[in-house]
Amino acid sequence: MAPTISNEILLAATKEFATPLYVYDEERIRYQYATLSRAFNKLDVNIFYACKALSNINVLRIFQQLGAGIDCVSLNEVQFALRAGFDPAKIIFTPNSVSIEDYVEARSLQVNINIDNLHILKQFGELYGNTYPVVVRINPHILAGGNIKISTGHIDSKFGISIDQAEQILDIVTETGVVVKGLHLHTGSEIKEVEVFLNGLNLILELSKKFKDLDIIDLGGGFKVPYKPNETGVNIQELGTTLSEKITAFEASQHKKIQVWFEPGKYLVSEAGYFLTKATILKENPTRSFVGVDSGFNHLIRPMFYDAYHIIQNISNPNGALKTYNVVGNICETDTFAWDRELNEVRPGDILCFKNAGAYGFEMSSRFNSRVRPAEVLVNKNGIQLIRRRETLEDLLEGQVL
Ligand SMILES: Cc1ncc(COP(=O)(O)O)c(C=O)c1O
């Protein structure tokens with residue numbers, strides 16, 4: 001059984017650290033990593049945690065201790081990773097729409113570099129020739145993912161170099177001597193179908209035959225986790241078996257060994273996270289009952305940005321009669337967390353718990369309406385530990401010319 005945190009512990013955390021509050025379960029993070037590693041244990045596999053999902057350095061340290069790698073989308077994420085103790089060889093820098101200066105700096109930090117643009121590949125090759133092998137991100141023209149905003153491998157996506165431009169990649173290799181050590185794809189987030197991963201793998205394995213120095217296939221992240229009641233996530237065991245068979249057969253046919261890299265974010269941390277808010281007001285109008293909470297899309301934007309569903313539970317009144325509410329925030333926008341949601345009767349002061357809030361929760365938070373960002377705590381065998389304090393008015397003013 002996957003570990004979860006009890007309501008008693010969640011309530012104790014809100015007593016100690018107040019709301020709104022992000023709570024993360026270390027045991028669950030470790031469990032997710034172990035499950036994923038086991039599913040691919042027939043392969044030479046490296047799991048790079050996509051830290052854009054949740055970049056608190058205390059969480060990064062857990063992955064570092066587990067022996068994971070880390071996938072970083074910005075140079076600041078790379079700096080976090082280095083400070084968390086990751087070896088540069090375990091870091092991959094996968095930016096997009098950044099200029100050559102960022103790649104030059106990444107090279108000076110000796111991390112793995114993933115290039116997703118032909119012009120940058122050429123500039124990089126002209127600068128460094130064959131001295132710094134890189135991974136190249138391919139856009140496979142596969143439309144997949146939970147919704148269009150998180151679908152990154154379709155033909156109109158800004159990400160990656162089109163698979164139709166493979167000859168141009170090869171021309172740059174010939175002209176500049178740049179070494180392509182790996183090919184990468186990430187078709188999107190919240191992908192459940194094993195066939196989507198298999199289609200991507202087939203395309204990339206075929207393409208890899210054209211690169212003589214290549215020994216890495218990076219299949220990105222995007223493993224779906226269940227958000228709604230009775231929903232299922234990707235079947236990670238089936239995925240492991242299917243992809244492993246394909247890769248093992250490829251290795252035998254090509255007489256070479258392949259390292260397989262993955263970069264999951266959500267799968268590793270989403271279900272380990274809980275977002276706790278307090279009911280501030282109740283309001284009945286002629287058509288709706290609202291419950292207002294002491295938070296808004298400044299703290300958890302997924303419902304408003306992606307129409308994402310998060311299970312919400314009234315953990316202060318778990319046996320209360322069921323009533324239907326719109327759960328709304330305190331931001332001066334229509335920041336509705338949930339429409340027509342059945343909850344155990346909510347009273348002002350009750351704690352509402354949003355499940356599955358570990359990934360892209362705190363990480364996408366902002367200071368909109370001059371509200372501070374919440375605290376984050378980590379629950380592990382040592383108890384409940386503060387890993388980021390709540391911001392203050394002074395934090396909001398810091399840096400402004402007063
Ligand atoms: C290149 C890349 N790798 C990995 C991820 C992680 O995706 P997920 O959190 O869905 O696993 C993302 C997400 O945006 C991404 O863009």
Side-chain angles (χ1 to χ4, degrees), residues 24 29 32-33 35-37 39-40 45-55 59-60 63 68-74 77-78 81 90-98 102 106 111-117 120 134-140 142 144-154 157-161 182-194 196-197 200-201 204 216-227 231 233-234 236 239 243 260-273 301-302 305-306 308 356-364:
Y24 310 121
I29 293 174
Q32 295 296 118
Y33 182 78
T35 308
L36 193 58
S37 305
F40 291 98
V45 74
N46 276 302
I47 297 171
F48 293 78
Y49 166 54
C51 72
K52 74 198 78 167
L54 172 58
S55 68
V59 173
L60 305 194
F63 286 107
I70 184 161
D71 172 48
C72 301
V73 73
S74 68
E77 283 188 358
V78 171
K90 289 281 212 174
I91 300 174
I92 180 157
F93 179 51
T94 313
N96 69 88
S97 303
V98 302
D102 280 26
V111 302
N112 294 289
I113 291 180
N114 183 335
I115 294 182
D116 88 331
N117 175 313
I120 295 285
V134 295
V135 175
V136 168
R137 179 171 186 169
I138 299 297
N139 177 330
I142 295 176
N147 65 63
I148 196 70
K149 285 190 185 138
I150 53 175
S151 178
T152 54
H154 59 87
S157 164
K158 69 167 179 167
F159 295 98
I161 298 173
L183 290 178
H184 163 261
L185 56 77
H186 171 80
T187 46
S189 257
E190 291 187 32
I191 300 173
K192 184 176 163 182
E193 302 78 19
V194 171
V196 172
F197 289 97
L201 175 64
I204 218 140
I216 298 165
I217 295 291
D218 181 343
L219 295 173
F223 308 130
K224 179 169 176 51
V225 298
Y227 279 96
E231 201 180 28
V234 64
I236 214 78
L239 185 70
L243 299 191
V260 182
W261 292 5
F262 287 106
E263 314 154 355
K266 207 170 262 186
Y267 183 84
L268 295 173
V269 295
S270 185
E271 290 159 288
I301 201 171
R302 299 191 70 261
F305 194 50
Y306 301 125
N356 230 332
Y360 311 105
F362 182 92
E363 206 59 33
M364 292 177 83

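When a ligand or atom number is given, it counts from 1 through the structure's own listing order. Only a predicted model underlies this, so the values are computations on that prediction, with no experimental measurement involved. Every heavy atom of this structure was used, including side-chain atoms; hydrogens, water molecules and symmetry mates were not.
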Quiz item: Distance-only, no hydrogens or angles: does the Asn356 side chain make a donor-acceptor pair with backbone N or O of Pro226 under 3.5 Å?
Solution: yes
Quiz item: Is the Tyr33-Tyr49 ring centre distance short of 6.0 angstrom?
Solution: no
Quiz prompt | Ring-ring centroid check Phe262 Phe223, cutoff 6.0 Å | solution = yes
When you pair each N or O of ligand 1 with protein N or O atoms, which pairs come out under 3.5 Å?
| unit_1 | atom_1 | unit_2 | atom_2 | d |
| --- | --- | --- | --- | --- |
| ligand 1 | 3 (N) | Glu263 | OE1 | 2.5 |
| ligand 1 | 9 (O) | Gly265 | N | 3.4 |
| ligand 1 | 9 (O) | Lys266 | N | 2.8 |
| ligand 1 | 9 (O) | Tyr360 | OH | 2.6 |
| ligand 1 | 10 (O) | Ser189 | OG | 2.3 |
| ligand 1 | 11 (O) | Gly222 | N | 2.8 |
| ligand 1 | 11 (O) | Gly265 | N | 2.9 |
| ligand 1 | 16 (O) | Lys52 | NZ | 3.3 |

Quiz prompt | Basic-acidic side-chain contact under 4.0 Å: Arg137, Glu263 | solution = no
Quiz prompt | Distance (rounded to the nearest 0.5 Å) between Ile70 CD1 and Asn112 CG | solution = 12.5 Å
Quiz item: With a 4.0 Å cut-off, would you call Lys52 and Glu77 a salt bridge?
Solution: no
